[in-house]
Structures are given as structure tokens and as C-alpha cells.
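Worth knowing before you read on, the calculation uses all heavy atoms, side chains too, and leaves out hydrogens, waters and symmetry mates.
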Amino acid sequence: MSRKDFTTLLLLAFAWGASFLFMRIASPELGPVFTTELRVTLAGAALLLYAFVTRRKLGILKHWKQFLLLGAINAALPFTLICMAELHLSASLAAILNATTPMFAALAAWGTRQEKPGLAKSAGLVIGLIGVAVLVGWSPVPLTSTVLLSVGYSLCAALCYAFGGLYASRVGSGLTPLALAAGQQLGASVVLLPLAVIFAPDHLPSAAAVYSVLGLSLICTSVAYLLYFRLIASIGPVKTVSVTFLVPVFGLMWGAIFLHEPVYANTLAGLVIILLSVTLVNRKPRKS
């Protein structure tokens, strides 16, 4: 990996890690649904503008049904679930829980494609569960029903990302990554619009909430996807997945720096165990 590609990888992790910080600030004030609606609408509009400036055809209207479903599974639902979780969880905890996505992706592939996990992946899945247990169970934070439900929201969001990735790989044939990104965000915007109208806040947002939504939409979604696609084209999807290891680290760091979130021993232990799980789940089987 060249220095330029490694820098791009760090910038991507920087952006995606910051998304948990921005959601933690905006969600309590604007609500999970409205925060997500603003995020996907602004991001989709920015990507459309980018496509227009670079004169790229997207074909969104031709594939609108697929984009509606992709937007629901891979954006609207997981984004909203994470926002719901962060009403009661710290940004750092939500970021680490989201790192379980590769675990759920392995399970989703097993269930839908009959891709049986080998010994390493099976061990990774078990270790991942242990990591979640350490992260949540061995904590000074009281395990109330609300906290446990919020943890469930975060894990369900990771599950959505897993199935969303599988669906995107199936319907994305013949479509450019930019078309998939823009179509996904716009599809999510349409899906969430009725709920966003119902749950729209009845007060003007603070400056912090406005800046958080803008950062969430433009940096953590639009720019991040462009960086992601650039890495896919440059170094391939296998090496790009290494961003999974960096996102929770940045999420932990931003939460500690800007929100003064405490970092407990179980937080670091859970992070290490879950990242070990991700390593095993992503390991390629040896050719015989």
C-alpha cells in the first residue's frame, strides 16, 4: 500500500469514526429519524452535484426500486438505529459495537449464500460475542433495560449493514460505485421522508446540531464514500476492509476528546477482543 493510499485510508477512518460523534450531538436534539433524514438527503444531493460537475451518468431512475430497498437496508434503518442507540450510549461505545459488522456479514453470507464459515471464522464469531459481553457486561455503567436496548439497536444496525452489503453486491453489477452511493442515500431519503415529517422537531436547532448534521452529511457520508470508492479502485476491497480496525479507534478518540467520554478498562478490552474477532472473520482460508 502506497503512502497516498494509506493516507486515504486514515482519512476514511477519520470521517467514519467522527460520524458517531456527530450523531451523539445531533440525535438528542433533532431526534434519530430527522437527523438521519437530513444526513441522507444532504449527502445524496452533494453526490448528485458531484456527478453533475464531473458529467457522470448515474441511472438512478432506471434502478429506483433497487435503490429504495438498498437505501432502507443499508442507510435509513442502520443510521436511525445508531442514532437511537446514541441517545443513551456514548459515541465510543456505539463505534466499537459497530465494528461487529464483519461478524454479522459472515453469518449473513452463511444464511443466504450457504457459505459455511471455517474454523477461523467460527472462532472469530465466538470471540466477537465475548468481546461484546466484556464491553457491555464488564462496565461501571449501570446495565438498565434502556442501556441494553440501546446496545441491541447498535447490534441490529451492524446486522443491517451486513445484509445491505450483500444486497449491494447483488444489485450493483453494471452500476458505478458513485451511482450506488447516490442512489442509496436518495432511496433512504424517500423511505424516511414520511416519518421525518411526523418526527420533525418543533424548535430551531442549536449551532452545534447544525454543524454536526453538516459534518455527518458532507464529510462522513459524501466525502467518505468517495474516499472509499477511490480505495476500492486503487488497492482492492480486501485491503480496504482494514478500515474496520481504524474506525472504532477514531470513534473512541473523538468521543474522549470532544465529548469528554471516560475510557474504562472494559472499553479497551472489548475493543481489542472485537478487533481480534474481525481479524479472524476476515482471514482468507488457506488453499489446499
Side-chain angles (χ1 to χ4, degrees), residues 13 15-28 32 35-36 39 73-108 124-165 216 220 224 241-256 258-259 261-282:
W16 277 348
S19 68
F20 296 92
L21 166 67
F22 291 139
M23 283 187 282
R24 183 69 181 89
I25 295 173
S27 295
T35 297
T36 302
R39 173 182 184 175
I73 299 174
N74 210 38
L77 188 54
F79 289 174
T80 304
L81 285 170
I82 294 174
C83 284
M84 292 170 63
E86 290 201 56
L87 294 176
H88 305 284
L89 298 182
S90 64
S92 55
L93 178 56
I96 296 172
L97 288 171
N98 192 249
T100 60
T101 296
M103 293 169 42
F104 288 111
L107 290 174
L125 294 173
V126 174
I127 291 174
L129 293 176
I130 295 174
V132 173
V134 169
L135 185 65
V136 178
W138 181 35
S139 171
V141 178
L143 293 182
T144 64
S145 58
T146 300
V147 170
L148 292 176
L149 185 60
S150 299
V151 170
Y153 290 150
S154 286
L155 295 177
C156 285
L159 180 63
C160 289
Y161 284 135
F163 280 104
L216 190 60
C220 304
V241 81
S242 59
V243 73
T244 306
F245 299 92
L246 298 174
V247 170
V249 175
F250 276 99
L252 181 67
M253 184 173 68
W254 299 147
F258 294 104
L259 299 179
E261 295 177 350
V263 179
Y264 302 110
N266 75 295
T267 305
L268 298 177
L271 173 63
V272 171
I273 295 172
I274 289 175
L275 293 184
L276 173 61
S277 166
V278 173
T279 303
L280 293 174
V281 168
N282 284 325

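- L159 meets the side chain to side chain contact (heavy atoms under 4.5 Å, CB included) test with F104, F163; sequence neighbours excluded.
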Let me check something: any side-chain donor-acceptor pairs from residues 75-82 under 3.5 Å, sequence neighbours excluded? List them with distances.
unit_1	atom_1	unit_2	atom_2	d
T80	OG1	T36	OG1	3.4
T80	OG1	A76	O	2.6

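- Taking the side chain as every heavy atom from C-beta outward, L268 and L252 approach each other to under 4.5 Å.
- If you take CD1 on I274 and OG1 on T101, they are separated by 10.5 Å, rounding to the nearest 0.5 Å.
- Contacts of L276 classified as side chain to side chain contact (heavy atoms under 4.5 Å, CB included), with partners at least two apart in sequence or in another chain: I127.
- Partners of A269 under the side chain to side chain contact (heavy atoms under 4.5 Å, CB included) rule, at least two apart in sequence or in another chain, are V134, W138.
- Note that CE of M84 and CG of L149 are 7.0 Å apart. Values are rounded to the nearest 0.5 Å.
- Interatomic distance, CG of L97 versus CG of L271, reported as 10.5 Å (0.5 Å rounding).
- Not a single ring pair (Phe, Tyr, Trp, His ring centres under 6.0 Å) links Y153 to another residue, sequence neighbours left out.
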Quick one: side chains of residues 16-27, donor-acceptor pairs under 3.5 Å with protein atoms, not counting sequence neighbours, listed by atom name and distance.
unit_1	atom_1	unit_2	atom_2	d
W16	NE1	C220	O	3.2
S19	OG	W16	O	2.6
R24	NE	E86	O	3.3
R24	NE	L89	O	3.1
R24	NH1	E86	O	3.2
S27	OG	M23	O	2.8

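- Remark: S92 engages S90, E261 in a side-chain hydrogen bond (donor to acceptor under 3.5 Å, both in side chains) (not counting sequence neighbours).
- Qualifying side chain to side chain contact (heavy atoms under 4.5 Å, CB included) partners for T144, counting only residues two or more places apart in sequence or in other chains: P142, T146, V147.
- Not counting sequence neighbours, N98 has no partner by the side-chain hydrogen bond (donor to acceptor under 3.5 Å, both in side chains) test.
- L93 places none of its side-chain heavy atoms less than 4.5 Å from the side chain of T267.
- Separation of atoms OG (S154) and NE2 (H88) is listed at 11.5 Å; rounding is to 0.5 Å.
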